[in-house]
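Have a look at the structure below, then the notes.
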Amino acid sequence: MQYSPSAIDQAAKKIWSDKDIYKVENDISKPKHYVLEMFPYPSGAGLHVGHPLGYVASDIYARFKRMKGFNVLHPMGFDSFGLPAEQYAIETGKDPRDTTKENIATYKKQFDKIGLSFDWSREVVTSSPEYYKWTQWLFIEMFNSIYCYENQRAYSVNVLIKHFEEHGNHNNTAFTTNTVNAFSAEEWKNYSEKEKSDILMNYRLIYTSMGEVNWCEALGTVLANDEVINGRSERGNHPVVKKKMRQWSLRMTAYADRLLQGLEEVEFSNSLKDQQRNWIGKSMGATVTFPLSPSKGRGVPRHATANPAAASILYENAKENRKNATEAEKKLWNEIRNRKLEYKFRRQHPIDNYIADFICLEQKLIIEVDGGYHTQTKEYDDARTAVLNELGYRVIRFTNEEVINDIENVLSKLKREFSAPTTLLPKGEGPGLRVFTTRPDTIFGATFMVMAPEHAMVSEIVTDEYKTKVNEYIAYCKSKSDIDRQAEKEVSGQYTGAYAIHPFTGKLLPIYIAEYVLMGYGTGAIMAVPAEDERDRKFAEKFGIEIVEIFDKTGIDKTEIGDKQGILKNSDFINGLNWKDGFDKVIERMEYDEIGERKTQFRLRDANFSRQRYWGEPIPILWKDEIPIPLDPSQLPLLNPDVDSFLPSKDGQAPNARNEKWVHEIEGYTREVDTMPAFAGSSWYFLRYMDPQNDAEFVSKDLVNYWGQVDLYQGGSEHAVGHLLYARYFNHFLYDRGYISHKEPFKRLINQGMIQGVSAIVYRLVVSGAGKKGCHPIEESDYPEIFISHDVILEVEKRNIEKKYTKFWAEIENQKIVKFTFGYNDVLLSSEEDEEFSCFLVSLFKEFKFDYHLFGIDIEPNFDTNIKSNNLKIDFFKNFVRTELKNIDEFSNLLNIRDFKESRDAYKNAYFIYNSSQEFLVGREVEKMSKSKYNVVNPDDVIAKYGADCFRMYEMFLGPIEQSKPWNTAGIEGVSKFLKRFWNLYFDENGNSKLTKNEATVDELKVLHRTIDKLAKDIENFSFNTCVSALMIALNELNAQKTTSEAILIPLLKSICPFAPHTAETIWSQLGNTNSIIVEEFPSVDEKYLVDDTIEYPVSINGKMRAKVSLAADANEAVAKESALSNETVLKWLEGKEVKKFIFVKGRMINVVI
RNA sequence: ACCUUGGUGGUGGAAUUGGUAGACACGCAGGACUUAAAAUCCUGUGGGCAGUAAUGUCCGUGCGGGUUCAAGUCCCGCCCGAGGUACCA
């Protein structure tokens, strides 16, 4: 047989399919090894060259392990629910069930072309009912589970219900982040079904709550973050707003600590662990409440209700009273302390000139217990009540007997009082501004407060004077995504006119709103410490706010100055302490003063588990009277209903609502119409591969015990915090509920870098409005598309000071652009240099006949008019579209305008701004290869030309697996030549075997065993590029030695098998073997060929390599010194100098210091 | 902005983890074979300077400092690219 990649591929594949070589048996007598790829989404564009990088790598690993005697599970399947298929369905009306099937078929064909050793009998597809039946079952399991924070594990919700029935919610250890009113067992029993359901909803691991979504009114649908650009929809440029909707959520916060601890027992890279740790974001700190001040005068902390003149005496008396509490007082205190009645009570609390027995400040409710220690007259009591009422307090009295004999009645009376309306508190005495800080020790450096612009309290505290400005600023922030807000380089913010009061110093701290504070983190407000925080400092500098230094950093090495160093100063009672001691002391004081408390905060949020989409698992819930009831598992799977369109229903509900018959299929109930997110199915699929056809369980216990953890999980680092955390959470949950026997799903994880695409970027000019104050957005359809050649953009960019601006305003006068405003900086153009560009803009406007109305400018359409006061806003740099690579010339980056116009309807009438050579260039950007970015390169063509093995080895040869790099076929010829020469090592030009029984020489054996040794080590380390190099080196050396010995070439053939299985298999069978080489044993290393008798030592002078000396491998330092110092070159360097130091590292090098 | 990660010849990358920088391959240049081309094979190939040459010598791993006998590798401070930032998967 002649060398021919396609013939080799076919021959090998025939042998494998005849033998069904990849079928994996559950043979528990063999040691197992589970090698898994991250679940691919079967995109309509088919597999691209980026995917196989990881697949080939783990295929090599799996084949290697198999040849090493392991029973290797190496399955593949498809994460086939998701947005792209749905989007395609909306656009074309095609059923995603069909398109998904087609896409999967394409993928499988492509996988097989590459020669990946998957056992397709174990294929798992998330969108198949046989699979999602179990995803739905899991939903119900989680819905019916709660998490006990004391025992750190999940239980059935029945455990909690039983607890409620026996004890109410006293000593309830179920995890929740909500506040739940106290109730007794008796009360629980009397609650309605709805009330019970609502209470349990606080604890279920899957629960409903209100959550925010990106709502696009024009499209009538919820958009993914991906689909929103600058506050507008990617499709159609329509406005997008945040809207509250009822959502299902996954209570991941319950597992925050477990997910953190679990990282200790897995072999992930440190960087990946760091990413997860940072994502979970456990931080220790404190919440502090800063009282608010009215805009004029001073407010006081809410609990400081005593008459200031008498305060110190009153506090002393109160303390005394607490010590001498009566029996009734003690009993009542026991029942109401620690928020047992939801609200906080204080006892013996001074108010004005009195001391109340018990007081709830939130409710302005005072409880007096009569007949106790202080026996006043009725007149006195009445007078006192009158005064308290005057101050806005309600007073409720109980007798000693009532409390002692009928406490239940007392408590229920109290609860009734809570529901009575309370008057709103005046400004400055309100609930205060609550902040979370990880650095309570810096509290004396706090000189201002910053709230997120969307903080609910902003509207309450803003003074009339600042209302307009604050609203303008809020509108500005609304148009930006959280990411954009944080990425903003320019500091911005707006003063509200209000002040908070520093709880220790009483100083007034101005309250700002600013985009850099996000509502989603902590409490949505911060105490700003400009001395210690970079962003706070910048803010303070910009707004001229005082910066109080609080750390004395003298004596600390400049290079080491960082956070948490130095000794506290200007900090009252913590002066002279280090940060940690200050930290503890401040918290201690805050807790005593009841203005704050120690708090552990997680950044991790509960995961949203609802999608208002069609193409996902229907949520197996029925609603009856606002109560969600899970389906009985026997009714699963709940299939995706047929719908007349994949768009949302008329009232904005998920598409499933369109099929009303389905929604009301079961009488008296309404079906949940939301579906699950894509991560539902992909968070547990690795368990299903063990037992893919089991219809009775999601996986049998025996099989999960045998296959256990995934030994090697391979996938992209883009899944570091999403998929990997969800999957770990699901696995921990299943472990807790006793379904599987291991907590962590993935033992070892290798991150593959991405093969990136090089997208073609067509820049677009967006003219969006007019007016000095802000711009009035106009719809995309109001004017035609305008595209600009990339080099023109670069030209504009070059003239800008700030490199990354996104906006500029142009003022136009006498047909010339006279002034540009970039962001906040004015840039005056020197007329000469910018003549050309001015002209381009003017001609642009002429091209459009400059219809001002078109641009939303209300002004005479006359160029000679002075229109200085009206500004156009033109966005360049974040406005671009990507185009298919076939529309451009890969080398010159010229756009084929005709093809481009054809590619979308919207571009048919587009305008193009050329460069001075009348050319139109696209920009190129290296980014993730993805269908949506039109930068996909398909592997099929490569395989057709070079064969599967060449493709496999070339992908490996590109570089380290974990590194990302753009796809480039430049070096593929080298690998192709290698394979051909490798074939020619075994066969002459007539296709006859060249192998002989010649005895191998020592040199040949050295080459062989060093290669095998290198391969075995590098495969374990997932370093495949060096494996390919090693094989190339081996071939070069064996060719030079004209090796024909079987003793060398047969082991070599086996060692290349994991990398180039088609070539190895075909050579193997051509040599007359009838079994498959895949089941042969990987050759082992003979250590004796790895060592050399002599070593060539490099000799350095002062660290620079100057000479070489050959020494026996066991030479000692004395021998080395003698040899080195007598070397000619070394002597030349030594001339006139003495040897100060001689360094000898055995087996490595020699360094002579002179 | 934050978290993670990377930056080495014209290009992809190697470097036993602190010890000969540029393995292996592409590309390029020159040569052999050929009427010619392709394919194949051979030689050279980081840059500067000196030399006819062998060779010698200086510089050189994004930039600026530092530690060390010795730094691509460790430390400090920057610059740039990529991934993620919770509904792409």
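Here is how names work: the chains are called A, B, and so on, in the same order as the sequence lines, proteins then strands, and each is numbered from 1. These values consider heavy atoms only, across backbone and side chains, with no hydrogens, waters or symmetry-generated copies.
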| Chi angles and distances behind the side-chain contact (heavy atoms from CB on, under 4.5 Å) call for A/Ser127, A/Phe78 | CA-CA 8 Å; A/Ser127 61; A/Phe78 299 94; over 6 Å; no
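Of the two residues contacting RNA chain B, namely A/Arg603 and A/Gly959, the nearest-nucleotide position lying further toward the 5' end is that of A/Gly959. Judged by closest nucleotide on RNA chain B, A/Ser717 is the one of A/Glu227 and A/Ser717 placed further toward the 5' end.
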| query | How would RNA chain B look in dot-bracket form, 5' to 3', counting Watson-Crick and G-U wobble pairs with both distances under 3.5 Å and writing | for bases paired to another strand? | reply | (((((((..(((......[....)))((((((.......))))))(((((....)))))..(((((..]....))))))))))))....
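Around atom NZ of A/Lys538, no more than 12 heavy atoms belonging to other residues, nucleotides or ligands sit under 6.0 Å away.
Side-chain nitrogen and oxygen atoms of A/Arg605 include none within less than 4.0 Å of the OP1 or OP2 phosphate oxygen of B/A86.
An anti orientation is assigned to B/G27, its glycosidic angle lying beyond 90° of 0. In textbook terms, a nucleotide whose glycosidic angle is within 90° of 0 is syn, and B/U17 is one such case.
Ion pairing of A/Asp1013 with A/Arg1010 is absent here, as no side-chain N (NZ or NE/NH1/NH2) approaches a carboxylate O to less than 4.0 Å. Contact check on A/Arg439 versus A/Asp533 returns no salt bridge, with no Lys/Arg side-chain nitrogen under 4.0 Å from an Asp/Glu carboxylate oxygen.
Closest approach of A/Thr126 to A/Ser80, counting heavy atoms only: OG1-N, 2.8 Å. A/Gln714 and A/Gln752 get closest at one heavy-atom pair: OE1-CB, 2.9 Å.
Comparing B/A21, B/C87, B/A82 by their closest approach to the side chain of A/Val222 singles out B/C87.
Listed for the A/Gln276 side chain is a donor-acceptor partner under 3.5 Å among the backbone atoms of A/Ala720.
Atom-to-atom, CZ of A/Arg882 to C1' of B/C88 comes out at 12 Å; the value is rounded to the nearest Å. When the C1' atom of B/U17 is taken as reference, atom CG of A/Asp1018 falls 14 Å away, rounded to whole Å. Here B/A86 presents its P atom at 10 Å from OH of A/Tyr726, a figure rounded to the nearest Å.
The aromatic rings of A/Phe978 and A/Phe982 sit tilted relative to each other, their planes meeting at an angle between 30° and 60°. A tilted orientation is assigned to the rings of A/His723 and A/Tyr713, their planes being inclined by 30° to 60°.
As judged by a 4.0 angstrom heavy-atom cut-off over every strand, A/Asn225 is placed among residues touching the sugar-phosphate backbone only. Residue contacts for A/Gln612: at a heavy-atom cut-off of 4.0 Å it reaches a base atom on one of the strands shown.
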Can you give me the N/O atom pairs linking the protein to nucleotides 57-59 of chain B at distances under 3.5 Å, or say none if there are none?
| residue | atom | partner | partner atom | Å |
| --- | --- | --- | --- | --- |
| B/C58 | OP2 | A/Arg1106 | NH1 | 3.1 |

Tabulated below should be each protein N or O lying under 3.5 Å from an N or O of nucleotides 44-50 of chain B; please produce it.
none

For nucleotides 22-26 of chain B, print each protein N/O atom paired with a nucleotide N/O atom at under 3.5 Å, atom names and distance only.
| residue | atom | partner | partner atom | Å |
| --- | --- | --- | --- | --- |
| B/A23 | N1 | A/Ser1029 | OG | 3.4 |
| B/A25 | OP1 | A/Asn1036 | ND2 | 3.1 |
| B/C26 | OP1 | A/Lys977 | NZ | 3.0 |
| B/C26 | O2' | A/Ala970 | O | 2.6 |

Pull out every protein N or O sitting under 3.5 Å from an N or O of nucleotides 2-4 of chain B, one pair per line with the distance.
| residue | atom | partner | partner atom | Å |
| --- | --- | --- | --- | --- |
| B/C3 | O3' | A/Asn278 | ND2 | 2.9 |
| B/C3 | O2' | A/Asn278 | ND2 | 2.8 |
| B/U4 | O2' | A/Gln275 | NE2 | 3.0 |

Mind listing the N/O atom pairs, protein and nucleotides 68-71 of chain B, below 3.5 Å?
| residue | atom | partner | partner atom | Å |
| --- | --- | --- | --- | --- |
| B/C69 | O2' | A/Asn1151 | ND2 | 3.4 |
| B/C69 | O2 | A/Asn1151 | ND2 | 2.5 |

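A distance of 6.0 Å or more separates the ring centres of A/Trp684 and A/Phe730. Ring pair A/Tyr41/A/Phe81: centre-to-centre distance not below 6.0 Å.
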